[in-house]
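Worksheet: one structure, shown below.
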4 protein chains.
Amino acid sequence: MAASSRSGPVRSEAARQAILQAAVEMLAERGYDHLAIEGIASRAGVGKQTIYRWWKSKSAIIAEALLEGMILAERLEVPDTGDVRRDLTAWLRAVGDVLLSPQGESLARSLIAAATDNADVGQRLRDVIAGSGSGAVSTRLTAALGSEPHLPPGAPVDDISEALVGALLLRALSRTPLDDDAIAALVTVAVGPPSL
Amino acid sequence: MAASSRSGPVRSEAARQAILQAAVEMLAERGYDHLAIEGIASRAGVGKQTIYRWWKSKSAIIAEALLEGMILAERLEVPDTGDVRRDLTAWLRAVGDVLLSPQGESLARSLIAAATDNADVGQRLRDVIAGSGSGAVSTRLTAALGSEPHLPPGAPVDDISEALVGALLLRALSRTPLDDDAIAALVTVAVGPPSL
Amino acid sequence: MAASSRSGPVRSEAARQAILQAAVEMLAERGYDHLAIEGIASRAGVGKQTIYRWWKSKSAIIAEALLEGMILAERLEVPDTGDVRRDLTAWLRAVGDVLLSPQGESLARSLIAAATDNADVGQRLRDVIAGSGSGAVSTRLTAALGSEPHLPPGAPVDDISEALVGALLLRALSRTPLDDDAIAALVTVAVGPPSL
Amino acid sequence: MAASSRSGPVRSEAARQAILQAAVEMLAERGYDHLAIEGIASRAGVGKQTIYRWWKSKSAIIAEALLEGMILAERLEVPDTGDVRRDLTAWLRAVGDVLLSPQGESLARSLIAAATDNADVGQRLRDVIAGSGSGAVSTRLTAALGSEPHLPPGAPVDDISEALVGALLLRALSRTPLDDDAIAALVTVAVGPPSL
DNA sequence: GGGTAACCGAGACGGTACGTCAAGTCTTATT
DNA sequence: AATAAGACTTGACGTACCGTCTCGGTTACCC
């Protein structure tokens, strides 16, 4: 049975982990450009060839790290207190604060830069934040369908999430801080104006 | 008066134009990374020092070209037929089509990458598209205030525009094409559900 | 008795032959540098370790191939018509022609390069050509002792051969072709000026 | 007049010297293979590109150093006491001693290796030693024409020199030391047997 | 109208990183 | 135990650009 196949040593999991780890650390420290394959290799204690054997580019490494949850793991979950409006506000506040910090801003732009030359990174970035996992905006909005006049059953929650996240992205790119007015406005865009 | 002083020749406008021109062309041809100062200099028939004398980085060149209207000049104007819903739909369709073409997609990502390491580019990108000039989304929405139930006077048109443009950016990054359903959904996000 | 012992398969003669064969072919095709152990292994259908187990370096492989007569096998035999002068002339002519051809020249330099980092190759090169086998210069000169005034019994035939071969070597290194004058001169060096 | 030509900075003589110097030192220390362009660059305090800009290969650097007299400068001059036989013997003795020392042997083989992949090195090696400058074998033999029965006017001194030097090369390649018998034999090859 | 200062093109320089090749060692499964 | 396969670290290759720095030549203003 088992078609079997080849002999020889098997891919080293230790090397793989060390590479992802080193990449994530250096991404945070120095930003996406200035992130060098040689640097990752040397920090991970690994030969360059081992990186090139398994990944096509540095953006592919970032994509995999993202997939493994080594970046943006959990900080960005949307809370669920039953009150969508308040939850969205709190989440936007949290995200806005992260974007205000130098590291947060830098990380955000690094991820965007990575997405720029790797479709997977863009895809995953969108999935992780706007997507459908627990804690994602889309999920939270789905739960709130029907509870607000502007959010009737059938409302396009995915697209609303996308618009919300897109707005944050644009803020990050233009270095415009997210103040309370902007947050209120975005909540309005998502779920309609506050009742009275 | 003329506090000035200084002798010597004045900045060569011809060189400046040649540099911007070369940068714009090569940006379109080869993408933001792979855009090299040396390449721009040689294509423009200019010494490297002439570039470094006047710009701090290649992203600054792109920023200036953007400001001069040498990129994204006019294609992206929002029409005004009196019917916001129809106008937005048409505009999103047009933008979506641009993003579908290889050059359009590449240019979009190149600009995002440029924005990634230059605040001005991000700022101008936001202004040009979402901003307040004639043909910008925000302007069109302002004109429509009051004409739709979801767009009462005082609605946060700037933030709505931002969300719309952000959604497009996110699509560009994740290489998700903009189909008719998505367009309809985005219009709903912006100006509310179609009346019956 | 049969001290022996040891289980497991024994050195594979097939592998050994395949390796030597592959090495000789690739030496001729691509030259000594550009001759890679990995290339030999893959052409021979053999694991790298099998090569490293039995040889210390690629020059050792060449040395062994040389010993096996897989290189320079026979082309370079000195004829024996009874007339040393004529025989030497013919042989030098033949060698000179080989050195003129691209493959011949390349092979010669490859062997010199191999000799450069392996004493055995140097030794064998000297033995094979200048040495004492049948067809070697030294042997031919020994047979001619006494037949020429400059070649009395007791003449240092080994050293004369060495000088002759060395001259060829120097020609190969300096890419100086061996013309008829040079051949005549070398014959004079070896066996004295033509009578008359 | 003077057609002139281009502007711009001029080749740095300091860099050129540093590179040749570093190359010569490392050649002596580590041998021709193991001589790395990167090593030369770093020892010379120079960018790699500066080397590649002016030389095609490491053997070309060695060729130039040889031409500049930075290698084999003077040690190998043939003395001239009036007695060819004695002079050649002394010179062969000196060369033989150099070849016996580890550095000398290694240097000799390094030069041969360099000649192996660069025609100029081979050419210059031949010229410097066998050639026609003062102190060269050929020159010495020319001076001795007529003074020995085996060295009549018109004897092919260039070819004799070549044979002598070639014999030394062959000794170097095969790691055969040059003993007194061999020296005597070579002198015999060159100028005939000792008179009684 | 001679000085002098800033411009311009060209491009050499010391560097960093790229992506590739091969070396020699080690590991696995197979024979 | 020897093999074919091939992953591993290391180190060098030759190339592309970086940003800085000369060069020689050319304006334009200022005495």
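So that the names make sense, note that chain A is the first sequence line, chain B the second, and so on, each numbered from 1. Just so you know, these numbers use all the heavy atoms, side chains as well, and skip hydrogens, waters and symmetry mates.
- Side-chain contact between I37(B) and W55(B) is absent, with no heavy atoms from C-beta onward closer than 4.5 Å.
- A donor-acceptor contact under 3.5 Å is not formed by the side chain of K48(C) with the base of dG6(F).
- Judged by closest nucleotide on DNA chain E, G47(B) is the one of G47(B) and G39(C) placed further toward the 5' end.
- The distance between atom CG of D33(C) and atom P of dC21(E), rounded to the nearest whole Å, is 17 Å.
- When the P atom of dA12(F) is taken as reference, atom CD1 of I61(D) falls 15 Å away, rounded to whole Å.
- When rounded to the nearest whole Å, the span between CD1 of I40(B) and C1' of dC18(F) equals 13 Å.
- A donor-acceptor contact shorter than 3.5 Å links the side chain of R175(D) to the backbone of L173(D).
- Separating the OH atom of Y52(A) from the P atom of dC21(E) is a distance of 13 Å, rounded to the nearest angstrom.
- In the set dA17(E), dA12(E), dG14(F), dA17(E) carries the atom at the smallest distance from any side-chain atom of A36(A).
- Computed from coordinates, the E38(D) CD to dC18(E) P distance equals 14 Å when rounded to whole Å.
- Rounded to an integer number of Å, the gap from CD1 of I51(C) to P of dT25(E) is 13 Å.
- L66(D) approaches R124(D) most closely through the heavy-atom pair CD2-CB, 4.3 Å.
- In terms of position along DNA chain F, the nucleotide closest to L35(B) lies nearer the 5' end than the nucleotide closest to the other residue of the pair L35(B) and G8(D).
- At a cut-off of 3.5 angstrom, the base of dC21(E) holds at least one donor-acceptor pair with the side chain of Q49(A).
- Nearest-nucleotide mapping onto DNA chain E: of I37(A) and W54(D), the residue sitting toward the 5' end is W54(D).
- Residue R30(B) is classed as a sugar-phosphate contact, given heavy-atom separations below 4.0 Å to backbone atoms only.
- For R53(A) and dC8(F), the shortest distance from a side-chain N or O to OP1 or OP2 is below 4.0 Å.
- Within the 4.0 angstrom heavy-atom criterion, only backbone atoms of the sugar-phosphate kind lie near G45(A); the bases stay farther away.
- Where S57(B) and H34(D) each meet DNA chain F at their nearest nucleotide, the meeting point lying more 5' is that of H34(D).
- Atom CZ in R43(C) sits roughly 16 Å away from atom P in dA5(F) (whole-Å rounding).
- When distances are taken from the side chain of P9(D) to each of dA23(E), dA10(E), dG14(E), the shortest belongs to dA10(E).
- Proximity of S7(A) to the phosphate of dT3(F): no side-chain N or O atom is located under 4.0 Å from OP1 or OP2.
- Residue T50(A) is in base contact, counting any heavy-atom pair closer than 4.0 Å across all strands shown.
- For the pair R16(A) and W54(A), the cation does not sit on the ring face, since its NZ or CZ is not both under 6.0 Å from the ring centre and inside 45° of the axis.
- To the nearest 0.5 angstrom, L111(C) atom CG is 9.0 Å from S106(C) atom OG.
- Atom NZ of K56(B) is separated from atom P of dT20(F) by 11 Å (rounded to the nearest Å).
- Panel note: side chain S110(A), backbone Y32(A); a donor-acceptor pair is recorded below 3.5 Å.
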